[in-house]
Amino acid sequence: MNSSAVTLQEVVENAVARHQHSLGPLLPVLHAIQETFGFIPRDAVPLVAGALNLSRAEIHGVIGFYHDYRTEPAGEHTLHLCRAEACQATGAAELELHARERLGIDFGETTPDGRFTLEPVYCLGNCACAPAIRINDDTFARVSIEKFDRLIAELESVE
Amino acid sequence: MTALKVYVPGDTTARAVGADAVAESITAGAAGRGFEIELIRNGSRGAFWLEPMVEIETANGRFAFGPVTPEDVPGLFESGFPGEADHVLAMGPVNGIDWLASQQRLTFARAGWIDPLSLDDYRATGGLKGLEQALRMSPQEIVDEVKESGLRGRGGAAFPTGIKWQTVLDQPAGQKYIVCNADEGDSGTFADRLLIESDPYQLIEGMVIAGLAVGADQGFIYLRSEYPRCRKMLEEVIVLAEQDGLLGDAILGSDRVFRLELRIGAGAYICGEETSLLDSLEGKRGLVRFKPPLPAIEGLMGRPTVVNNVLSLGAVSTILAEGASHYRDFGTGRSRGTLTVQLAGNIRRGGLVEIPFGATLRDLVEGYGGGTASGRPVRAIQVGGPLGAYIPATHWDVVLDYEALGAIGGMLGHGGIVVFDDTVDMAQQARFAMEFCATESCGKCTPCRVGSVRGVELIDRIVAGQERALNLQVLEDLCDTMDKGSLCAMGGLTPMPVRSALRHFRKDFGE
């Protein structure tokens with residue numbers, strides 16, 4: 001996880017080398033960059049454009065289209081709150097209000113200490129045990145306000 | 001003494017309700033007591049209300065406990081676990097659990113029984129029989145078998161799968177593709193996810209059969225990024241399938257070729273629409289394409305392409321293994337085979353139910369589902385995902401098939417059933433439908449891109465009592481424009497939940 005040791009140039013070159021012979025390599029290349037840095041650094045755009053023979057506008061267009069791609073670093077933990085119907089039916093709106101208040105941030109924002117980023121998501125496929133949230137790559141079920149606070153407290157207690 | 005087999009599901013929902021901690025407690029408990037156990041992370045059976053559901057292998061078959069928390073584990077051991085412990089959580093033999101035993105599992109027959117990573121388990125339970133059969137048949141014979149089965153696309157549009165395959169087969173030879181749409185974005189649905197996490201080889205087998213049928217040697221699975229466990233599962237099983245010869249240059253030792261690549265989406269609901277998905281696979285913004293040309297004629301990179309849902313491809317393995325008539329004999333009218341519904345939202349016994357077509361909505365929600373989790377009365381049921389209708393009590397005896405739901409202004413879609421109790425505000429649900437459309441619209445056509453934004457504003461004005469009669473009329477007109485003028489189902493079907501809320505739950509709009 002020592003991403004500071006690798007340069008953007010190397011990451012782009014590696015990702016392009018791995019995917020350039022695939023059909024439509026742009027999304028896999030952008031995924032690889034984001035997996036390393038947590039976002040797509042601005043300077044990556046001309047590098048990817050040059051390597052894949054695309055215009056910078058095309059790359060910007062793709063980054064802007066998909067909700068997953070970030071152009072700013074995320075916090076240490078990304079919390080995805082499901083806002084879709086099955087979770088609405090089990091109290092997602094109240095949970096959403098509480099989460100914003102508890103963390104003091106809105107969707108798309110990161111706490112000042114850089115610990116948490118809050119994002120909306122529309123379905124995690126956990127709809128039989130709603131409401132659901134995802135913290136990094138783990139999904140949690142039946143997230144009451146108390147359970148939410150417990151999960152946040154656990155993450156906060158880890159230094 | 002051979003190790004006792006203990007099964008703890010490892011799918012997303014089982015983990016989300018604590019299966020990993022249960023597995024750890026069992027491993028530690030067994031070690032502390034000197035039991036030699038083999039812990040298997042099977043996929044869930046889809047009885048999510050019983051998860052984490054722990055099973056043991058006994059002389060009389062599998063025996064279940066559920067739902068088990070880590071705190072329950074010491075007590076289980078004290079009661080005789082890993083034997084048939086007499087414990088309050090003991091469910092008895094798995095085959096005796098009525099919620100599961102009363103289902104007709106075809107596509108999900110293996111889910112929960114096998115180790116999803118094990119090709120040996122897959123083979124031992126009838127896996128690859130369909131592919132072996134297909135390897136002995138001509139492409140036209142395979143397509144005919146699928147046509148004969150009556151299978152209709154399980155993604156939501158219900159287009160006959162065999163006809164789609166025929167169109168691709170009829171195109172001149174050359175590069176063709178099989179694309180699996182695993183961008184299961186509808187709220188209230190998790191069947192694709194469950195199949196991938198519980199029985200992934202079935203999907204791979206179905207894709208290889210599709211390749212043989214239409215003459216395609218390359219497949220892609222387009223998986224949504226919101227399913228990280230599916231990603232891990234597919235990454236692993238594709239490698240295992242290549243090592244085993246299920247994928248690659250010599251399918252099961254034949255001279256047939258099929259390669260499979262996993263692609264991950266980037267958080268766009270619209271990419272579940274097949275042409276948007278194809279643009280995304282090509283590395284572009286996921287914009288919806290005009291049809292025609294159909295993807296079957298000009299699909300991925302302009303080449304003939306089969307785009308099928310996970311469940312459709314899964315069903316193909318069964319159809320080839322057991323024969324078209326076996327599959328077709330389940331169901332009613334033009335809805336053949338089995339119906340996979342997902343009970344979700346405010347429901348007591350949520351999960352996946354696979355039964356022949358013909359049951360009513362009430363059978364599902366009250367029978368299998370047991371009513372709401374909150375214990376309050378059910379008020380509205382949304383069937384078919386975020387673009388499906390909200391169905392009021394007067395229609396709960398509707399039979400869940402494509403035609404009957406259409407007749408009451410709804411749709412079956414991908415089989416999601418989301419239950420709401422009497423605290424729901426239906427004006428807010430209608431507003432959300434428009435808001436969701438505004439968030440997820442690809443932006444290509446105006447009725448969807450602009451209409452959804454105007455729709456949110458209109459509903460806000462109506463609820464606030466501003467020129468109600470006039471704004472209700474404008475909202476009706478707007479729904480009409482979106483319905484008739486949108487390029488795809490996103491804008492075209494967003495009016496469905498809105499209109500159903502207006503029609504059946506008018507008083508929530510301030511009347």
Are B:Tyr269 and A:Tyr122 near enough that their ring centres are under 6.0 Å apart?
no
Contact part of B:Gln382 toward chain A, heavy-atom cut-off under 4.5 Å: side chain, backbone, both or neither?
side chain
Interchain contact, B:Ile270 with chain A, by part (heavy-atom threshold 4.5 Å):
side chain
Calculate, to the nearest 0.5 Å, the distance between atoms CG and SG belonging to B:Asp186 and A:Cys127 respectively.
9.5 Å
Heavy-atom contact with chain A under 4.5 Å, split by part of B:Arg349
neither
Within a strict 4.5 Å, meaning less than it, do heavy atoms of the A:Leu23 and B:Tyr177 side chains meet?
yes
Relative to chain A, which segment of B:Asp11 carries a heavy atom at a distance below 4.5 Å: side chain, backbone, both, or neither?
neither
Does the side chain of B:Gln429 pick up a donor-acceptor pair with the side chain of A:Gln88 at under 3.5 Å?
yes
Measure B:Ser374 against the heavy atoms of chain A and call it side chain, backbone, both or neither at under 4.5 Å.
neither
If one checks every heavy atom of B:Leu352 against chain A at 4.5 Å, the contacting part turns out to be neither
Measuring heavy-atom distances to chain A, does B:Arg193 have an atom under 4.5 Å in its side chain, in its backbone, in both, or in neither?
side chain
What residue in A:Ala84, A:Ala92, A:Gly125 has the most heavy-atom pairs under 4.5 Å with chain B?
A:Gly125
Sort B:Val17 into side chain, backbone, both or neither according to what part of it lies under 4.5 angstrom from a heavy atom of chain A.
both
Residue A:Thr139 versus chain B: region with a heavy atom under 4.5 Å
both
Decide yes or no on side chain to side chain donor-acceptor pair (under 3.5 Å) for B:Ser225 and A:Asp68, but give the supporting numbers first.
CA-CA 8 Å; B:Ser225 64; A:Asp68 282 0; 2.5 Å; yes
Any side-chain heavy-atom pair from B:Phe48 and A:Asn126 closer than 4.5 angstrom?
no
Can you tell which part of B:Cys230 gets under 4.5 Å to a heavy atom of chain A, answering side chain, backbone, both or neither?
neither
Checking heavy atoms, do the side chain of B:Arg229, its backbone, both or neither come under 4.5 Å from chain A?
neither
Atom group of B:Glu435 that falls short of 4.5 Å from chain A, counting heavy atoms
side chain
Between A:Arg83 and B:Glu440, does any NZ, NE, NH1 or NH2 come within less than 4.0 Å of an OD or OE carboxylate oxygen?
no
Side chain from CB out, backbone as N, CA, C, O: work out which of these in A:Val121 comes under 4.5 Å of a heavy atom of chain B, or both, or neither.
side chain
Counting only heavy atoms closer than 4.5 Å, note whether B:Thr372 contacts chain A via side chain, backbone, both or neither.
neither
Side-chain contact test, heavy atoms from C-beta onward, threshold under 4.5 Å: evaluate it for B:Glu51 versus A:Cys129 and give yes or no.
no
Could you look at A:Asp137 and say if it's the side chain, the backbone, both or neither that has a heavy atom under 4.5 Å from chain B?
both
Does any backbone or side-chain atom of B:Glu261 lie under 4.5 Å from a heavy atom of chain A? Answer side chain, backbone, both or neither.
side chain
Turns out that what part of B:Leu343 lies under 4.5 Å from chain A's heavy atoms comes down to backbone
Separation of B:Thr12 OG1 from A:Phe140 CZ (nearest 0.5 Å):
12.0 Å
